[in-house]
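Okay, structure first, notes after.
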Amino acid sequence: MPFIYIVEDDVNIREIQRYALRNSGFEVQEFGCGRELYQAIRQRAPSLILLDIMLPGEDGLEILKNLRSDRATAKVPVIMLTAKSTELDKVKGLDLGADDYMTKPFGVMELISRVKALLRRTEGLTESAVLTNGEIAVDTEKRKVTVSGSPCELTFKEFELLKMLILNSGIVLSRDKIMDQVWGFDYEGESRTVDMHIKTLRKKLGVGGGAIKTVRNVGYVMDHF
């Protein structure tokens, strides 16, 4: 069972998050500040952390920086939760190593969807052989794609890119994360490669291509249908 830490100083918000996550089958532990989080991590590393930015003492961005600099927590998935809606705050979080972000207020169904999608990506949770999103269907075993029932021919990288986007529907993926997962850590090309493949992929998907949205200065996200 995935084990999730919630770091949020607002008791009411924390209660809503805890209730939604437990009802979805997750084990949950809550903290009101970074100091409590650090103490718990020494005992048990979580599957994922929901981290608010506005916290007493250390803010969420500073906590994230510390988590990413510690070998024991460098790979733990983190979703930033923030009342701030400016693009700069989102970019800061992603640049520091956040895997996703959500702006308050948000619905509990969206929260659960984001958590499950991130865990699928980072823990390899079981996925269906056929992934669907709107008019797009991806058969991961036969490596075939259809849009509105019609075949769509993709290159190997385009297929991997589409698969990553669908598995993370609703989650903003930075260009660096896409490069790491689709092209590999050792790839020496520029992030412009991602932009070019996204452009071609949208064109090939036709009516389905509109689901891939650009997040300025960050990366891309596929709308969840």
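We count residues from 1, following the sequence as given. Just so it is clear, the structure is predicted and the values come from calculations on it, not from any experiment.
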Hydrophobic cluster membership, L119 vs F106, 4.5 Å side-chain cutoff: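 Cluster IDs for L119 and F106 match.
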Do [X] and [Y] make a side-chain contact, defined as non-hydrogen atoms from C-beta onward lying under 4.5 Å apart?
X: L205; Y: L162; answer: yes
X: I49; Y: T73; answer: no
X: L165; Y: I198; answer: yes
X: F26; Y: L48; answer: no
X: Q17; Y: I4; answer: no
X: H197; Y: V182; answer: no

E36 side chain to G32 backbone, donor-acceptor under 3.5 Å: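 Between the backbone of G32 and the side chain of E36 there is a qualifying donor-acceptor contact (under 3.5 Å).
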Distance (rounded to the nearest 0.5 Å) between I63 CD1 and D59 CG: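 That separation rounds to 7.0 Å.
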R68/D99 salt bridge by N-O under 4.0 Å criterion: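 Between R68 and D99 there is a salt bridge, with a charged N closer than 4.0 Å to a carboxylate O.
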Ion pair check, K104 and D52, cut-off under 4.0 Å: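 Between D52 and K104 there is a salt bridge, with a charged N closer than 4.0 Å to a carboxylate O.
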Any pair counted as ring-ring contact (aromatic ring centres under 6.0 Å, His included), so long as it reaches residues 2-21, sequence neighbours left out: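 Passing the test, one end in residues 2-21: F3-Y5, Y5-F31.
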Side-chain donor-acceptor distances from residues 142-149 under 3.5 Å, at least two apart:
from : atom 1 : to   : atom 2 : distance (Å)
R143 : NH1    : E160 : OE2    : 3.0
R143 : NH2    : E160 : OE2    : 3.0
S148 : OG     : E135 : OE1    : 2.9

Any pair counted as salt bridge (charged side-chain N to carboxylate O under 4.0 Å, His left out), so long as it reaches residues 199-211, sequence neighbours left out: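 Qualifying pairs, neighbours excluded: E158-K204.
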